[in-house]
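When reading the values below, keep in mind they use all heavy atoms of this one structure, side chains included, and skip hydrogens, waters and symmetry mates.
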Amino acid sequence: MIFCKGVDRTIDIRNCEAIGNRYRICFKNGREYFYNRNNIRIFHNPESISFKNKSVFHNQILLENISKILLFGKKHDAYYRIFRLHQDPFSAPVSEFEFLENAATPQSTFILDYYRHIVCLLESKHNEEKGFLTRLYDRLGFIHPESILAAYLNRRYPTYTGNFTSRTYPLIFPFRFNLSQKTALENALSNPVSVIEGPPGTGKTQTILNILANLVAVGKKSVAVVSFNNEAVNNIRDKLDKAGYGFLVADLGRKEKRENFFNQLQQADVSSFKSTSSLRSLEKEIGKLNQQLAGLLAINNSGAQLRQELAAYRLEQQHFEKQIEGKSSRIEKLPLFAKSSEKLITCLADLHLADRLGIHSTFLFKLKLFFKYGIFRFWKKSGKMDFYVTLQREFYRLKIHELEKIYRKNQEYLEKHSFDSLSETHYKKSVEYFRKQLYELYSRLAKPSFTEKALQDSRHFRKFLKYYPVILSTNHSLLNSIPDHYLLDYVIIDEASQVDLLTALPVLSRCRNLIVVGDTKQLPQIVDTKLDKTGLSSIPAEYDYFSQNILSSILAVFKQHVPRVILKEHYRCHPEIIGFCNRKYYNDELIPFTSADMSEKPLVLYKTAKGNHSRQITHDYVKERGIYNQREIDIVQNEMLEKLGINPEKDDIGFVTPYRRQVCKASRILPDYIVSDTVHKYQGREKDIIILSTVLDKKSGRNHLHFVDDPHLVNVAVSRARKKLIVDTDHDYFMKHGKHMRDLCHYIQYHTLDSQVIESDIISVFDLLYKNYSDKLKKLQARLSDHSQFRSENIVHALLEDILSRPEYSDFTFVAQVRLHDIFRNPNFANTGSSHDMENDYLDKASVDFVIYRKCGNRFAFAIEVDGFAFHENNPEQLTRDRLKQAIFDKYGLKILRLPTNGSGEEQKILAMLDRIQQSYG
């Protein structure tokens with residue numbers, strides 16, 4: 001076998017003769033050529049290579065119709081000769097070939113057939129023959145074993161190590177960063193599959209941009225950013241353009257966009273990116289800054305959390321002061337008050353336990369109060385309720401003072417260690433490093449001269465990626481933007497909760513590493529749930545097209561193996577606006593970095609007059625069928641804009657609603673400066689002021705509450721507002737119905753100290769006060785574990801912690817030993833059959849063992865009493881108190897769940913009560 005380097009003419013050779021340092025090659029056509037010996041390889045005894053059950057790739061191009069493969073040479077000087085039907089054979093170095101087994105297994109084929117069946121149903125419904133989805137799935141006959149699709153379909157977390165974690169280099173952040181974004185980037189670069197959950201306003205796009213910078217400039221990797229629509233990827237393109245890096249991007253996708261891109265190819269101008277600093281020196285500087293900033297970022301986060309904690313205590317203090325207004329007497333200052341809030345809470349817990357143990361009047365206990373708290377004379381001078389109220393009031397004063405002191409120290413530490421200056425220097429050095437890398441890459445490249453054919457040929461495509469390493473596309477168009485079977489180094493799926501599985505799977509077939517960015521708490525994908533599912537085989541829940549999107553499916557398939565980071569630092573909404581989403585949907589994990597100065601009145605609840613104002617158009621001949629509420633639109637036009645002092649020249653304003661018909665009505669009536677759209681269309685957008693029109697009333701709510709009260713919809717609607725959220729709603733429907741809209745209305749009332757909250761006979765639970773108190777009480781009771789009543793309460797306490805940690809009950813929380821004066825504003829004993837002396841004595845001691853309440857608005861749900869046999873059933877005096885307590889709760893329509901210690905089924909009873917409460921909101 002003779003192989004001419006650079007010229008594969010071996011099939012035509014008749015003979016070869018060595019002459020000096022050259023070879024004379026005689027071809028069958030009679031021609032002779034002389035070649036330098038260095039350009040000629042002579043091989044003998046070729047080896048036949050088996051390729052049974054394997055696909056052969058040459059430079060990532062799948063070779064078809066292969067009849068025979070021969071191997072010539074050994075080790076580094078080896079060549080394959082490929083023989084194909086109806087084509088001339090060719091030879092090339094072994095290093096250019098891959099022999100890959102199709103990763104399709106019976107399991108993966110079964111799952112793909114399930115999706116193919118759904119594709120047929122969809123296209124049949126729309127009278128399409130061989131639509132784009134069918135064409136996509138026709139290209140999935142071969143599944144590359146190193147693709148993420150192979151790992152996903154076979155439920156095997158990938159072990160591919162083709163990323164660049166082995167290279168030691170500092171992380172760069174040319175688009176700025178925070179602590180959780182840094183963790184997300186580290187995970188994305190060191191794992192083949194990673195998930196970044198980005199709640200509203202936490203910088204998902206910024207995180208993606210920093211990932212792109214590290215992949216492209218440092219890792220020299222190719223990456224595609226895809227999403228369910230063009231708006232999400234356009235956001236990436238626009239921000240890269242604005243920063244001067246638009247030349248990195250091939251904005252492809254549908255045919256028109258591809259044609260437009262290739263018609264406007266421009267050469268990158270990186271002349272201004274040149275730097276006198278060496279890459280090595282910049283790496284050292286950035287590495288050092290990374291170390292310096294690591295701890296400071298955490299301290300900066302704690303400062304933001306302290307600001308929010310202070311705001312929460314101040315708000316609760318306002319509610320408390322309103323509650324006790326004119327009722328507490330002036331109490332002289334004593335040594336206790338010069339101490340700490342911790343000491344004060346301990347005192348309250350000690351007093352409570354003394355009451356329950358019946359030792360509050362003993363000489364030893366009074367002596368303990370004097371020496372431990374210095375309050376012996378204070379106890380004599382004042383009534384017990386005044387005493388408790390004064391301690392509670394002092395708790396807020398001390399706690400707020402302590403938090404302010406900690407916050408000042410936090411800020412002083414950051415200032416002392418130059419946090420802002422270091423952050424700015426890190427940003428500038430990251431930009432310099434990023435630009436220098438780009439200068440090194442692009443200053444050597446000739447002017448680009450590509451056509452669309454470059455997207456079909458792997459050799460040309462690799463060259464294309466040197467110019468445009470970032471490809472933007474919708475997920476269903478990506479396969480048309482890269483050669484068949486070509487694997488990109490990375491794919492980033494943005495807004496992944498809205499990406500359905502049908503269009504996501506082809507994307508997974510074209511990458512070695514995957515980064516999924518989205519939010520499980522925002523609006524999910526839209527699928528046609530009315531498809532005729534006859535003939536659809538049963539599918540594992542993780543792959544169910546109708547209930548899963550690509551984000552939830554990846555989490556379900558790879559489970560704990562996939563690293564998952566939640567971005568926590570929030571930069572969009574006023575703290576009180578995002579506070580609702582944080583408490584309701586994100587378990588208080590978000591850290592708002594926005595200022596309370598953004599708006600004087602960030603939350604407004606605007607109610608229509610009583611009556612049913614919604615209407616529904618159902619006639620087929622009307623294009624805009626659906627529900628609308630003219631009264632809510634009229635309020636915006638005729639009252640709201642003027643009364644609330646909304647200035648369109650200062651703020652941009654959005655009108656959002658669940659219903660398309662309401663949008664159409666509003667668009668025709670409201671001023672042009674108000675942008676009206678559905679909540680679904682507003683996902684990914686934001687406005688200074690958002691007016692949320694809920695549309696429903698008592699009449700229409702019967703059939704449509706489930707749609708408007710969807711948690712994803714409410715979360716998205718609220719978090720669109722930067723400065724002000726105005727809820728334009730029915731007079732009282734959502735105050736009584738629904739879980740999420742109801743909680744939003746209650747939250748707004750609580751945070752604005754609405755008169756309807758203040759004047760209510762039932763007080764919002766003092767959440768922060770009682771959480772401190774409950775925690776302290778639990779520790780003190782643990783020392784009295786031999787006391788049967790306390791043992792029983794500790795068991796119920798643990799049971800409640802378990803139950804309320806479950807997702808279906810995440811709207812609730814609880815505290816222990818809440819005094820009746822902190823539940824009822826003016827406890828009314830009328831018709832309870834009690835004497836005045838009994839009432840006064842009772843109020844001095846009365847409390848309930850546990851109060852379960854809703855997190856948003858601190859609204860009472862129900863109480864739990866643990867009735868020990870000796871303390872309750874076998875104690876006539878206590879039985880009288882229990883009847884009195886029950887009578888008061890009955891009078892105000894509140895529920896007490898009694899759990900006898902000699903009973904059983906406590907968990908079932910608590911769950912049944914919670915379910916009844918949940919159902920009552922429907």
Engineer: Minimum heavy-atom separation for P199 to D519, with atom names?
Structural biologist: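 Distance-wise, the nearest heavy atoms are CA-OD2, 3.4 Å.
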Engineer: Between E394 and R397, is there a salt bridge with N-O shorter than 4.0 Å?
Structural biologist: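 Yes, charged N to carboxylate O under 4.0 Å.
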Engineer: Looking at Y770, Y773, Y388, which one forms a side chain to side chain donor-acceptor pair (under 3.5 Å) with D822?
Structural biologist: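 One option only clears the test, and that one is Y770.
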Engineer: Would you mind reporting whether I566 and S180 have side-chain heavy atoms less than 4.5 Å apart?
Structural biologist: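 No - every pair of side-chain heavy atoms lies 4.5 Å or more apart.
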Engineer: Given ring-ring contact (aromatic ring centres under 6.0 Å, His included), test H751 with F580 step by step and report yes or no.
Structural biologist: CA-CA 10 Å; H751 278 258; F580 170 77; 9.5 Å; no
Engineer: Would you say Q308's side chain and P575's backbone share a donor-acceptor pair under 3.5 angstrom?
Structural biologist: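 No; zero donor-acceptor contacts below 3.5 Å.
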Engineer: Are the side chain of S810 and the backbone N or O of R806 linked by a donor-acceptor pair below 3.5 Å?
Structural biologist: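 Checked: no pair found.
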Engineer: Is the closest side-chain donor-acceptor distance between N410 and S302 under 3.5 Å?
Structural biologist: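 Yes, because at least one side-chain N or O of N410 sits under 3.5 Å from a partner of the opposite role on S302.
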Engineer: Would the number of heavy atoms belonging to other residues, nucleotides or ligands and lying under 6.0 Å from NZ of K771 be above 12?
Structural biologist: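 Correct, the count exceeds 12.
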Engineer: Minimum heavy-atom separation for G857 and S764, please, with both atom names.
Structural biologist: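 That would be O-OG, 3.4 Å.
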Engineer: For L567 and L590, work out which heavy atoms get closest and say how close.
Structural biologist: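 Closest approach of L567 to L590: O-CD2, 3.9 Å.
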Engineer: State whether a side-chain donor-acceptor pair under 3.5 Å links R859 with Q749.
Structural biologist: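 There is such a pair (donor and acceptor under 3.5 Å, judged by atom type) between the side chains of R859 and Q749.
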Engineer: Using a strict threshold of under 4.0 Å (side-chain N to carboxylate O), is an ion pair present between E793 and R356?
Structural biologist: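 Result for this pair is yes, salt bridge flagged.
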Engineer: Flag the pair R314 and E404 as a salt bridge only when some basic side-chain nitrogen lies within less than 4.0 angstrom of an acidic carboxylate oxygen.
Structural biologist: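 Salt bridge present between R314 and E404.
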Engineer: Quick one, L605 and C745 - any side-chain contact, counting heavy atoms below 4.5 Å?
Structural biologist: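 L605 vs C745: side chains touch.
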Engineer: Would you confirm whether S774, through its side chain, and A816, through its main-chain N or O, come within 3.5 Å as a donor-acceptor pair?
Structural biologist: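 Yes.
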Engineer: Between F812 and Y853, does the ring centroid distance fall short of 6.0 Å?
Structural biologist: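 Distance test on ring centres: not under 6.0 Å, no.
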Engineer: Would you check if the side chain of R564 reaches a backbone N or O of I196 as a donor-acceptor pair within less than 3.5 Å?
Structural biologist: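 It does not hold such a pair.
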Engineer: Ring centres under 6.0 Å, that's the criterion: do F824 and F889 meet it?
Structural biologist: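 Judged by ring-centre distance (under 6.0 Å), F824 and F889 do meet the cut-off.
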Engineer: Return yes if some donor-acceptor pair links the side-chain N/O of H570 with the main-chain N/O of C573 below 3.5 Å, else return no.
Structural biologist: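 Yes: the side chain of H570 pairs with the backbone of C573.
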Engineer: Does atom CD (Q560) have a neighbourhood of more than 12 heavy atoms from anything else shown, all under 6.0 Å?
Structural biologist: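 Atom CD in Q560 is packed in, count exceeds 12.
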Engineer: Which residues pass the side chain to side chain donor-acceptor pair (under 3.5 Å) test with D743, sequence neighbours left out?
Structural biologist: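 If we apply the side chain to side chain donor-acceptor pair (under 3.5 Å) test to D743, skipping adjacent residues, the hits are K584, R854.
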Engineer: Quick one: list whatever passes side chain to side chain donor-acceptor pair (under 3.5 Å) with T520, sequence neighbours left out.
Structural biologist: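 Partners of T520 under the side chain to side chain donor-acceptor pair (under 3.5 Å) test: E197.
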Engineer: Are the side chain of D709 and the backbone N or O of G738 linked by a donor-acceptor pair below 3.5 Å?
Structural biologist: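 Absent.
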Engineer: Exactly one of I852, I864, V866 should register a side-chain contact (heavy atoms from CB on, under 4.5 Å) with L897. Which one does?
Structural biologist: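 It is I864; the other options fail the test.
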Engineer: Is it true that the side chains of Q522 and N715 contain a donor and an acceptor less than 3.5 Å apart?
Structural biologist: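 No - no donor-acceptor pair under 3.5 Å links their side chains.
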Engineer: Regarding Q886 and D890, is there a side-chain donor-to-acceptor distance under 3.5 Å anywhere?
Structural biologist: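 D890 and Q886 do have a side-chain donor-acceptor pair below 3.5 Å.
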Engineer: Looking at Y747, does the NZ or CZ of R583 lie under 6.0 angstrom from its six-membered ring centre and within 45 degrees of the ring axis?
Structural biologist: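 No; the conditions do not both hold, so R583 does not lie above the ring face of Y747.
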Engineer: Taking 4.0 angstrom as the limit, do K368 and D350 come out as a salt bridge?
Structural biologist: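 Result for this pair is yes, salt bridge flagged.
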Engineer: Any idea which heavy atoms bring I577 and K724 closest together, and the distance?
Structural biologist: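 Smallest interatomic distance, heavy atoms only, reads CD1-N, 3.7 Å.
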Engineer: Keeping the roles fixed (side chain from N858, backbone from V765), state whether a donor-acceptor pair exists under 3.5 Å.
Structural biologist: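 Yes: the side chain of N858 pairs with the backbone of V765.
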Engineer: Are Y585 and H712 close enough that their ring centres sit under 6.0 Å apart?
Structural biologist: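 Y585 vs H712: aromatic centres not under 6.0 Å.
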Engineer: Of all the heavy-atom pairs spanning Q181 and G203, show the shortest one and how long it is.
Structural biologist: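 That would be NE2-O, 3.4 Å.
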Engineer: Could I get the full list of side chain to side chain donor-acceptor pair (under 3.5 Å) partners for E589, not counting sequence neighbours?
Structural biologist: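 Counting only residues at least two positions away or on another chain, E589 forms no side chain to side chain donor-acceptor pair (under 3.5 Å).
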Engineer: Give me the atom names and distance for the closest heavy-atom approach of E808 to Q918.
Structural biologist: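 Minimum heavy-atom separation between E808 and Q918: O-NE2, 2.9 Å.
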